[in-house]
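Note sheet for the following structure.
Bear in mind the structure is a predicted one, so any value in this text is a computation, not a measurement. Computed from heavy atoms alone, side chains included, the values below leave out hydrogens, waters and symmetry copies. All chains are named by letter (A, B, ...) in the order of the sequence lines, taking the proteins before the strands, and each is independently numbered beginning at 1.
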Amino acid sequence: MNHTSDELPPDWPTTERQALAVQLDLRTRVVLDEPGPPPGAPLTAVGVDVAYDDERDLVAAAAVALDARTLDVVAEATAVGRVAFPYVPGLLAFREIPAVLTALRRLGAEPGLVVCDGYGLAHPRRFGLAAHLGVLTGLPTIGVAKNPFTFHYAPPGPDRGDASPLLDGDEEVGRALRTRTGVKPVFVSVGHRVSLDRACDHVLALARDFRLPETTRRADALCRRALAQAVTGG
DNA sequence: GCGACAG
DNA sequence: ATCTTGTCGC
C-alpha cells in the first residue's frame, strides 16, 4: 500500500514572501455568501488534521469522514510526506495543506463539509487554513481552533451553545462557542461556502460528547497513528 | 524596539 | 505541534 504523499503541488511556495503573495491572490476567491449544508440533514462531515516529526522532517495527515447525524466513521485516509513549510503564524496553510490534499484524494467519500483544525477567515489577512483549503478544493469548509490566536473575545455564557463574537478590533471574524457547559470554548470561523451561524450549528452537533468536534478528534488520533507507524515502520 | 503568535 | 507522570473520574 502506498502511504507516501505525492510530490508537492508544482508551484508550492518556498519562502514567506512567496506564500504571502499566494495568499493575497487566492483570498479573492473565497465564497462567503453561501449558507452551506443545512444542519440536521444527511451529511458527510470530514475532519482533517496533521501531525509532525520535525526531527525526521515528516508530516502525517488524516481525513476522517463521519455521518454527521450518528457520528459514525464512514471512511478514513492518511498521507505521509516531507514537511512542506516551517511553522509561521499566519502561514500555517502552507505547512499543512499538501499532505491534507493527498489524504482527501484518497478518501473514498465525497465531503459535504470539511472541518479544519485551525482558522478560516479569522486570520491576519482573512485567509487561514480552512479558507485556503476551501478555495483549493471547492468544498464547504470551516475552522475550529482551540486557542483565540491573536483575537479577543468576551467569555460566552456558561452553558453549552452559548457563544460570543471573536473580534479583530471591532470586526467579528469568528465566534467563541461553548460546546460543553463550564468548559473552555472552541473558536469557530468560516472557511469557504458556509455561513458562521451554520458553522456553529455543525460544530455543536459534531461536539455532542466532547469539547472538540468528533471530526477533529478522529482525525487527530488517526494522523498521530499514521505518523507513529511511519516512524516505526510497518 | 518589544511582545504576541492557529498548528 | 511536541516534550511528559500521575491522577481523578466515569
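Across all strands shown, A/A122 has no heavy atoms under 4.0 Å from either base or sugar-phosphate atoms. At a threshold of 4.0 angstrom between heavy atoms, the contacts of A/G90 include nucleobase atoms, whether or not backbone atoms are also involved. Here A/L166 lies out of heavy-atom contact (under 4.0 Å) with every strand.
The nucleotide whose nearest atom lies closest to any side-chain atom of A/H123 is, among B/dA6, C/dA1, B/dG7, B/dA6. Distance from the side chain of A/L92 is smallest to B/dG7 among B/dC5, B/dG7, C/dT2. For A/A145, taking side-chain heavy atoms from C-beta onward, the closest of the listed nucleotides C/dT2, B/dC5, B/dG7 is B/dG7. When each of B/dC5, C/dT2, B/dA6 is scored by its nearest atom to the side-chain atoms of A/T150, the top-ranked nucleotide is B/dC5.
Not one N or O on the side chain of A/T78 forms a donor-acceptor pair closer than 3.5 Å with the backbone of A/A226. Distance alone, capped at 3.5 Å, is enough to place a donor-acceptor pair between the A/D67 side chain and the A/T70 backbone. A donor-acceptor pair under 3.5 Å is absent between the side-chain atoms of A/R217 and the main chain of A/L212, judged by distance alone.
Side-chain nitrogen and oxygen atoms of A/Y52 include none within less than 4.0 Å of the OP1 or OP2 phosphate oxygen of B/dG7.
Between A/K146 atom NZ and B/dC5 atom C1' the separation is 15 Å, expressed in whole Å. Counting to the nearest Å, the P atom of B/dA4 and the CG atom of A/L91 are 20 Å from each other. Remark: P of B/dC5 and CG of A/D168 are 14 Å apart, rounded to the nearest angstrom. What separates CG of A/D53 from P of C/dC3 is a distance of 8 Å, to the nearest Å. One can place NE2 of A/H152 at 11 Å from C1' of B/dC5, the figure rounded to the nearest angstrom. Per the geometry, OH belonging to A/Y119 stands 7 Å off P belonging to B/dG7, to the nearest Å. Protein atom CD1 of A/I97 is 15 Å distant from nucleotide atom P of B/dG7, rounded to whole Å. Atom CG in A/N147 sits about 13 Å away from atom C1' in B/dA4, given to the nearest Å.
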Q. Could you go step by step and tell me if A/R218 and A/D49 meet the salt bridge (Lys or Arg N to Asp or Glu O under 4.0 Å) rule?
A. CA-CA 9 Å; A/R218 294 279 187 174; A/D49 195 16; over 6 Å; no
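The existence of a salt bridge linking A/R198 and A/E34 is excluded, since no basic side-chain nitrogen approaches an acidic carboxylate oxygen closer than 4.0 Å.
Where pairing requires Watson-Crick or G-U contacts shorter than 3.5 Å, DNA chain C shows no helical stem with at least three consecutive pairs.
Between A/V115 and A/V46 the shortest side-chain heavy-atom distance does not fall below 4.5 Å.
Using bins of under 30°, 30° to 60° and over 60° for the plane-to-plane angle, the ring pair A/F151/A/Y119 lands in the perpendicular bin.
Ring centers of A/F94 and A/H132: under 6.0 Å apart, within the cut-off.
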Q.
Reading 5' to 3' and counting Watson-Crick or G-U wobble pairs with both distances under 3.5 Å, write the dot-bracket notation for DNA chain B, | for bases paired outside the strand.
A. .......
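Under a cut-off of 6.0 angstrom, the local environment of CZ in A/R193 is crowded, with over 12 non-hydrogen atoms contributed by other residues, nucleotides or ligands.
A cation-pi arrangement is found for A/R95 relative to A/Y52, the charged atom lying closer than 6.0 Å to the ring centre and inside a 45° cone about the ring normal.
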